[in-house]
Amino acid sequence: MATQTLTKPQQSQNVEQKIQQFRELFADAPELGKKALENALHELKSQASDLPPPVESAGRVGARLGKVSELTIIVPLAPGGAKRLRAFLRLLGGNLSQGADKVGTLHTMRFVFFDNDTRLLFATAFDGDWDAYIDDFVAKIPDYLDVIDSAWEGWPGIRSPGAKDYLIKHQITAEGWYVAYPDLTVAEIKRLQRIGKAVDEFLDKVGT
Amino acid sequence: MATQTPTRPEQDQSVEQKVQQVRKLYSDAPELAKKALENALPGLMSQAAEAQASQSEGAGRIGIRLGTISELTVIAPFAPGGAQRLRAILRLLHGNFSAGTKVGTLHNMRFVFLDNDTKFLFATAYDGQWDPYIEDFATKIPDEMDIIFSAFQGWPGIRSPKVKDWIVEHQIPAEGWFVAYPDLTVAETGRVKRVAKAVEEFLDKVGN
């Protein structure tokens with residue numbers, strides 16, 4: 001529920017009040033931050049009153065803009081987990097396409113080791129609602145998931161009833177989210193790509 | 001240069017040798033992971049062979065790339081008061097950092113607060129090479145960059161000659177990366193979207 005209230009407390013304030021709050025917060029910012037704020041305030045004002053579509057909740061956890069949601073999970077790695085997972089990812093040349101394409105709703109996905117291989121960041125951009133997305137993973141690539149996630153400390157197994165609770169416990173909702181085409185799902189982008197190609201071919205034929 | 005070599009050391013090995021290594025590493029993994037690995041192995045073998053042909057590549061100075069789309073993942077400590085300032089800005093914008101559109105090469109971007117507001121994660125998916133991408137940020141939204149990044153310890157300012165070094169120092173290249181449409185830049189997606197719309201309008205006219 002955290003994400004659904006992201007912006008609520010401030011929504012009743014007017015823009016002027018918010019800008020004032022800002023200036024106060026930036027009073028002890030580094031000089032370059034203060035300067036940049038003054039430069040940008042004009043634009044920020046128009047942005048804040050124009051209200052670009054607000055980031056909403058992706059369901060149980062996570063942020064969503066239009067049709068595209070974010071999932072950001074940070075987990076501690078189990079003993080030996082970093083070594084196993086790294087070997088697995090290298091076997092695939094760092095390219096997770098074959099497995100991930102099967103999910104069908106995944107835009108981007110990354111695995112990043114940090115804090116001396118004791119922690120892992122797993123971050124994705126996906127279509128729609130959290131629960132449906134996790135269910136897709138479970139239904140479509142359960143074995144890949146378990147090969148990967150078993151490197152995570154305490155992972156109960158994707159078929160376990162505790163799997164979603166585990167994910168929620170380690171997911172951190174983004175406070176800021178941007179998507180270039182919030183109205184385009186993966187399926188829609190692929191459809192557009194096919195149309196674009198067909199039109200190119202058509203024009204080639206007409207041209208000759 | 002670290003990113004260009006993530007898979008190099010293994011390139012001379014055959015897929016069978018790599019699979020053998022992965023199996024060995026998984027011998028002390030939890031039972032569910034071992035089982036999942038054996039289930040996934042037949043598919044993995046062909047994937048690994050393909051991966052040797054289409055593995056992720058370097059994104060330039062740091063980060064990895066698949067087709068035309070690269071990843072940037074930065075984790076940095078907040079400056080004192082920085083977390084509070086950044087959160088206020090993101091909330092003013094209702095979590096939607098729509099200035100990202102001006103960069104023109106940005107697919108998605110997230111801001112995540114970590115470890116009790118002491119650290120920060122900034123992760124993007126973007127088109128092409130690292131250096132021009134950072135330069136795009138610097139020329140197109142310099143003030144927005146300074147407002148946000150002055151929340152971090154040691155940020156030298158987007159106009160500083162040291163800014164790229166700061167980013168490189170805090171960027172961690174991903175070990176695994178997936179993009180659903182690796183050959184579509186942000187600009188190309190916009191183009192096919194327009195083409196598809198024109199086609200629909202055309203078909204509507206032809207239809208009546």
Side-chain angles (χ1 to χ4, degrees), chain A residues 6-7 10 18 22 25 28-30 32-33 36-37 39-40 48 52 54-55 70 72 80 83-84 86-98 100 106-114 123 125 143-144 146-147 150 157 172 174-180 186 189 192-193 195-196 199, chain B residues 6-7 10 18 21-22 25-26 28-30 32-33 36-37 39-40 47-48 51 54-56 64 71 73 75 81 85 87-88 90-92 94-98 100 107-113 123 125 143-144 146-147 150 157 172 174-181 186 192-193 195-196 199:
Chain A
L6 207 66
T7 55
Q10 282 93 346
K18 283 196 214 169
F22 245 142
L25 273 168
D28 54 342
L32 68 90
L37 182 70
N39 287 342
V55 165
E70 62 81 28
T72 308
K83 227 167 129 179
R84 287 200 299 272
R86 188 171 268 129
F88 179 76
L89 294 173
R90 288 188 177 178
L91 178 70
L92 302 177
N95 176 354
L96 301 160
S97 294
Q98 278 88 353
L106 198 55
H107 289 261
T108 61
M109 170 169 72
R110 77 189 69 195
F111 291 92
V112 184
F113 294 85
F114 68 109
D143 291 318
Y144 287 98
D146 272 344
V147 171
S150 65
I172 310 170
E175 295 261 352
W177 178 228
Y178 168 80
V179 183
V186 171
I189 288 175
L192 296 178
Q193 194 177 12
I195 293 175
V199 168
Chain B
T7 56
E10 285 89 8
K18 283 195 212 171
Q21 270 191 351
V22 170
L25 278 166
Y26 272 75
D28 52 341
L32 72 89
L37 185 69
N39 288 342
Q47 270 197 44
S54 69
Q55 60 184 276
S56 62
I64 61 177
E71 62 81 28
T73 310
I75 295 179
R85 289 198 297 271
R87 188 169 271 127
L90 293 173
R91 289 192 175 176
L92 179 73
H94 293 192
N96 179 353
F97 189 71
S98 53
H107 289 264
N108 62 50
M109 169 168 67
R110 77 190 69 199
F111 298 92
V112 187
F113 292 61
D143 292 319
E144 284 88 344
D146 274 344
I147 291 176
S150 64
I172 310 171
E175 292 266 350
W177 178 227
F178 165 76
V179 184
Y181 29 83
V186 171
V192 294
K193 199 178 167 186
V195 168
V199 168

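We name chains A, B, ... by the order of the sequence lines, and we start the count at 1 in each one.
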If you tally heavy-atom pairs under 4.5 Å against chain B, which of A:Val199, A:Leu25, A:Ile195 wins? A:Leu25
So, for B:Gly95 and A:Val55, which heavy atoms are closest and what is the spacing to 0.1 Å? O-CG2, 3.2 Å
If you count heavy-atom pairs under 4.5 Å between each of A:Lys83, A:Arg84, A:His107 and chain B, which one has the most? A:Arg84
Counting only N and O atoms by type, is there a donor-acceptor contact under 3.5 Å from the side chain of B:Tyr26 to the main-chain atoms of A:Val147? yes
Apply side-chain contact (heavy atoms from CB on, under 4.5 Å) to the pair B:Thr73 and A:Arg110, showing each step before the final yes or no. CA-CA 9 Å; B:Thr73 310; A:Arg110 77 189 69 195; 2.8 Å; yes
Measure distances from B:Ile75 to the heavy atoms of chain A and classify the residue's part below 4.5 Å as side chain, backbone, both or neither. side chain
Restricting to non-hydrogen atoms, name the atom on B:Ala180 and the atom on A:Val186 that form the minimum distance, rounded to 0.1 Å. CB-CG1, 3.9 Å
Looking only at non-hydrogen atoms, find the nearest pair between B:Val22 and A:Ala87 and report the distance. CG2-O, 3.8 Å
State the CG-CH2 distance between B:Leu90 and A:Trp177, to the nearest 0.5 angstrom. 13.5 Å
Between A:Leu89 and B:Gly176, the two heavy atoms sitting closest are CD1-N, 4.2 Å
Enter the distance from A:Asp146:CG to B:Leu37:CG here, rounded to the nearest 0.5 Å. 11.0 Å
Nearest 0.5 Å please: distance from the CD atom of B:Glu175 over to the CZ atom of A:Arg90. 4.5 Å
Give me the atom names and distance for the closest heavy-atom approach of A:Gly196 to B:Val195. CA-CG1, 4.3 Å
Validation row: B:Arg110, A:Thr72 side chains within 4.5 angstrom (heavy atoms): yes
Locate the shortest heavy-atom distance separating A:Tyr178 from B:Asn96; write the atom from each residue and the value. CD1-OD1, 4.5 Å
Less than 4.5 Å to any heavy atom of chain B: does that hold for the side chain of A:Val179, its backbone, both, or neither? both
Just verifying a value: how many Å separate A:Leu96 CG and B:Trp177 CH2, rounded to the nearest 0.5 Å? 10.5 Å
Answer key: most heavy-atom pairs under 4.5 Å with chain B among A:Ala100, A:Gly33, A:Gly80 is A:Ala100
Count the heavy-atom pairs under 4.5 Å between each of B:Asp28, B:Leu32, B:Val199 and chain A, then report the option with the highest count. B:Leu32
